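See below for the structure under consideration.
Below, read A as the first sequence line, B as the second, and so on, with proteins coming before strands; counting in each chain starts at 1. Given the structure is predicted, the values throughout are model-derived calculations rather than measurements.
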Amino acid sequence: MRRWALLLTALAGPAAASAGTAVEGLQAAYRSEGAGPFSASRGAAAWQRQAPAGNGEAPRSCATCHGADPRSAGRHARTGKPIEPLAPAVSPARLSDPETIEKWFRRNCEWTWGRACTPQEKGDFLTYITGGSP
Amino acid sequence: MKRNLMIIGSLGVALTAAIAGTLVNADDWSERLGRGGSGVGAVADARYRALCGECHMAYQPGLLPAASWQRVMDGLGDHFGDDAQLAPADADAVRDYLTANAADRVAGPRSRGFAQVAGSGAAPLRVTETRYFLGKHHEVPVRLARENPEVRSFANCPACHQRAEAGAYNEDEVRIPGVGRWDD
């Protein structure tokens with residue numbers, strides 16, 4: 001009986017933990033930089049916050065490419081390529097690799113807001129995207 | 001005897017079906033056999049697909065001549081308005097793959113088309129600026145492509161070419177979102 005429980009944990013463990021582990025690790029790093037606690041409602045508000053594009057194009061927010069919320073599918077504003085939902089609850093492979101998460105924060109904060117996101121903002125986004133209650 | 005006839009009969013049916021399939025789908029078959037046909041060679045490099053296929057389709061290297069890929073790789077800091085710089089080792093590997101398999105380095109009628117550069121000799125930066133692409137798409141109105149919310153850009157090949165990711169650009173397989181088949 002106990003063996004079965006162990007086996008089930010082993011099978012379910014890594015898949016269930018992938019997004020969680022990466023996000024927890026990054027949020028711990030952000031805390032060590034002075035950020036936190038993290039809030040899903042701040043993340044949700046920031047998701048919609050628009051910034052002027054500065055080149056005559058329409059103002060940009062996360063929602064421009066990722067859709068109304070992290071559970072929705074999106075579309076790249078310029079190329080039209082479909083974008084899978086960011087929420088691991090919908091797309092289990094999402095947020096499973098800390099380097100990939102940091103890479104896209106780097107690129108997309110710059111593209112959307114014209115600056116890097118702060119550790120606080122990144123932590124809030126991760127809490128919001130992983131479905132923390134707003 | 002009856003059994004033999006049945007076997008011969010079924011062989012005949014199978015053979016006829018195979019021949020008919022080949023005739024109908026000649027393009028498709030030559031694509032699968034890697035002879036170019038209606039397509040270009042599919043992307044075979046996993047690193048390139050992963051690094052360059054996130055914001056847009058990982059364009060097959062046979063869609064642009066080597067000189068164009070060199071220009072693209074030289075300008076990743078301002079990649080059509082976006083910063084798409086790669087780590088040096090990744091950039092080198094991607095550059096090698098793209099140039100080694102560029103339109104002017106591989107066989108196939110489509111790649112021969114894409115290998116032709118404009119008279120000025122300047123290598124185009126975009127597939128959509130090649131003479132070959134323009135010749136194939138000049139009848140497609142912008143409202144069906146750039147102004148179509150499901151397409152947005154002529155560079156969004158898979159929006160209409162159902163098997164673009166596999167390098168297949170057969171006109172029969174075009175489905176324009178909101179419109180359907182394309183028949184020029």
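A63(A) meets the side chain to side chain contact (heavy atoms under 4.5 Å, CB included) test with W47(A), Q48(A), S61(A); sequence neighbours excluded.
Among residues at least two apart or in separate chains, salt bridge (Lys or Arg N to Asp or Glu O under 4.0 Å) pairs with a member in residues 34-48 of chain A are R42(A)-D124(A). For residues 54-114 of chain A, the set of pairs meeting the disulfide bond (SG atoms under 2.5 Å apart) definition, not counting sequence neighbours, comprises C109(A)-C117(A).
L86(B) and V43(B) fall within the same hydrophobic cluster, defined by Ile, Leu, Val, Met, Phe, Trp and Tyr side-chain heavy atoms under 4.5 Å apart, directly or through other members. The hydrophobic cluster containing M57(B) also contains F114(B), counting ILVMFWY residues as joined when their side-chain heavy atoms lie under 4.5 angstrom apart, directly or transitively. No single ILVMFWY cluster, assembled from side-chain heavy atoms under 4.5 Å apart, contains both V151(B) and V140(B). Hydrophobic clustering of Ile, Leu, Val, Met, Phe, Trp and Tyr side chains at less than 4.5 Å, counting indirect connections, unites I101(A) with L86(A).
Ranked by heavy-atom pairs under 4.5 Å with chain A, the first of A84(B), A155(B), P158(B) is A84(B).
Neither the backbone nor the side chain of F154(B) comes within contact range of chain A; no heavy atoms are under 4.5 Å apart.
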Between chain A and chain B, are any donor-acceptor pairs under 3.5 Å, and how far apart is each one to 0.1 Å?
unit_1	atom_1	unit_2	atom_2	d
R75(A)	NH1	E150(B)	O	3.2
R75(A)	NH2	E150(B)	OE1	3.4
R78(A)	NH1	F80(B)	O	3.0
R78(A)	NH1	D82(B)	OD1	3.1
T79(A)	OG1	C55(B)	O	2.5
G80(A)	O	N156(B)	ND2	3.2
K81(A)	NZ	G53(B)	O	3.3
K103(A)	NZ	E54(B)	OE1	3.4
R107(A)	NH2	Q85(B)	O	3.2
W111(A)	NE1	D82(B)	OD1	3.0

